[in-house]
Asks: 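First, the structure itself, so that you have it in front of you.
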Protein chains: 2
Amino acid sequence: MTGVADAYKALADPTRRAILDELTERDGQTLFELVTRLVTVHGLSSSRQAISQHLDVLEAAGLVHRRREGRYTFHHLDTAPLAEIARRWPSPPGGSPDPPE
Amino acid sequence: MTGVADAYKALADPTRRAILDELTERDGQTLFELVTRLVTVHGLSSSRQAISQHLDVLEAAGLVHRRREGRYTFHHLDTAPLAEIARRWPSPPGGSPDPPE
DNA sequence: TTGACATGCAAGTGTGTGCTTGCCTAACGT
DNA sequence: ACGTTAGGCAAGCACACACTTGCATGTCAA
């Protein structure tokens, strides 16, 4: 059972958030692509195994789906669980209005 | 500086999410009120100190503001940091309808 | 088949975190 | 003043988690 609670925990780690950012920018990347771009673009220094384990967490949370094809495994983003978070705590009445972008 | 990263970590704990739920339903509660209602309404069994520490985390994340008045400390919800989360990863095509928790 | 490539799997380690325990301070009512 | 109420502070413990290390599996090209 991939509870919604897993999505919250998945977002707790900055590396996993970077992975989501990276998949937002370029969906369907392989593990090696992700590691490479996380290092070069996002300035992280994570090993392949570390990223792989983060992807396990993201998959369990339903935020990432894996698609195996030959010896490659492509990773696809799914932001559906995040919409639930947005709906859960509505904006306060007469609260601070969000700045236009 | 209350980094945005703290908000993500703050949401990782189910008890803290219950606190946010409780403050959404009834804003400005004291510590004892929160403990009582979390036990009776939400079925949790958390001590006063535990809830107090959770409130520390939520305050550091900017999700809760404290207002001292006499011997009472009222807690107020601030969902502004959550809007940032919603904007970060936009929703893809027709989102699947998620069943509530 | 052989070798290189892309990935998966699992045990061990160190740090972080949620919770308890115990005591302390401050504000009210009598 | 005294006791009660509401809350704060800090140390210690047990578990979870992120990461490493090492090896195994599977796929493709030659």
Side-chain angles (χ1 to χ4, degrees), chain A residues 2-3 5-23 26-40 42-61 63-76, chain B residues 2-3 5-23 26-40 42-61 63-76:
Chain A
T2 65
D6 295 330
Y8 293 99
K9 282 196 173 182
L11 290 180
D13 188 87
T15 301
R16 284 196 288 267
R17 294 196 296 273
I19 291 176
L20 295 182
D21 287 338
E22 185 50 41
L23 286 180
R26 185 187 292 197
D27 196 45
Q29 295 189 55
T30 67
L31 178 57
F32 265 57
E33 278 181 288
L34 278 170
V35 173
T36 302
R37 290 183 59 89
L38 285 172
V39 170
T40 60
H42 296 257
L44 301 182
S45 59
S46 300
S47 69
R48 175 185 65 87
Q49 290 84 346
I51 299 298
S52 179
Q53 287 171 0
H54 281 305
L55 287 170
D56 289 340
V57 175
L58 290 171
E59 188 182 30
L63 290 166
V64 163
H65 297 286
R66 283 180 163 133
R67 174 174 55 92
R68 189 98 194 224
E69 203 164 306
R71 58 174 163 176
Y72 301 104
T73 299
F74 301 100
H75 299 83
H76 295 272
Chain B
T2 63
D6 295 330
Y8 293 99
K9 282 196 173 183
L11 290 181
D13 188 87
T15 301
R16 285 195 288 268
R17 294 197 295 272
I19 291 176
L20 295 183
D21 287 337
E22 186 48 41
L23 286 179
R26 185 186 291 196
D27 196 46
Q29 295 190 54
T30 67
L31 178 58
F32 267 57
E33 278 181 287
L34 279 170
V35 173
T36 302
R37 289 183 58 88
L38 285 172
V39 171
T40 61
H42 296 258
L44 301 183
S45 58
S46 301
S47 69
R48 176 185 64 87
Q49 289 85 346
I51 299 298
S52 179
Q53 288 171 1
H54 281 305
L55 287 170
D56 288 339
V57 176
L58 290 171
E59 187 182 29
L63 289 166
V64 162
H65 298 287
R66 283 181 164 131
R67 174 174 54 93
R68 188 100 194 219
E69 204 165 305
R71 59 174 161 174
Y72 300 104
T73 298
F74 301 99
H75 298 82
H76 296 271

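Each chain gets a letter, A, B and so on, in the order its sequence line appears, and its residues count up from 1.
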Asks: How long is the line joining CG of A/Leu11 and C1' of D/dC17, in whole Å?
Replies: 16 Å

Asks: Could you check if a side-chain atom of A/Thr30 sits within less than 4.5 angstrom of a side-chain atom of A/Arg71, using non-hydrogen atoms only?
Replies: no

Asks: Could you run down nucleotides 17-30 of chain C 5' to 3' and tag each one B, S or - for protein heavy-atom contact under 4.0 Å?
Replies: SSBBBB----BS--

Asks: Could you work out, with side-chain hydrogen bond (donor to acceptor under 3.5 Å, both in side chains) as the rule, every residue matching A/Glu22, not counting sequence neighbours?
Replies: A/Gln29, A/Arg37, A/His42

Asks: Test of understanding: with side-chain hydrogen bond (donor to acceptor under 3.5 Å, both in side chains), list the residues that count as partners of B/Arg26, not counting sequence neighbours.
Replies: none

Asks: Would you compute the distance between atom OH of A/Tyr8 and atom OH of B/Tyr8 and round it to the nearest 0.5 angstrom?
Replies: 13.0 Å

Asks: Please report, rounded to the nearest Å, how far the P atom of D/dA6 is from the CZ atom of B/Arg66.
Replies: 17 Å

Asks: Provide, to the nearest angstrom, the distance between the CG atom belonging to B/Asp56 and the P atom belonging to D/dC9.
Replies: 8 Å

Asks: CG/B/Leu63 to CG/B/Leu11 distance, rounded to the nearest 0.5 angstrom?
Replies: 6.0 Å

Asks: Rounded at 0.5 Å granularity, tell me how far CG in B/Leu31 sits from OG1 in B/Thr36.
Replies: 9.0 Å

Asks: For B/His76, give me all partners under side-chain hydrogen bond (donor to acceptor under 3.5 Å, both in side chains), at least two apart in sequence or on another chain.
Replies: B/Asp27, B/Arg67

Asks: Would you say B/Arg17's side chain and B/Ala12's backbone share a donor-acceptor pair under 3.5 angstrom?
Replies: yes

Asks: Quick one, B/Arg66 and B/Glu59 - any side-chain contact, counting heavy atoms below 4.5 Å?
Replies: yes

Asks: Need the bend value for the helix from C/dT1-D/dA30 to C/dT30-D/dA1: angle between end axes, 5 pairs each end, nearest 10°.
Replies: 30°

Asks: Distance-only criterion, 3.5 Å: show the donor-acceptor pairs between side-chain atoms of residues 43-55 of chain A and protein atoms not counting sequence neighbours.
Replies:
{"unit_1": "A/Ser47", "atom_1": "OG", "unit_2": "A/Ala50", "atom_2": "N", "d": "3.2"}
{"unit_1": "A/His54", "atom_1": "ND1", "unit_2": "A/Arg16", "atom_2": "NH1", "d": "3.1"}

Asks: Hey, does the side chain of A/Thr73 come within less than 4.0 Å of C/dG8's phosphate (OP1/OP2), counting only N and O?
Replies: yes

Asks: Looking at residues 27-35 of chain A, who's got a heavy atom less than 4.0 Å off DNA chain C?
Replies: A/Thr30, A/Leu31, A/Phe32

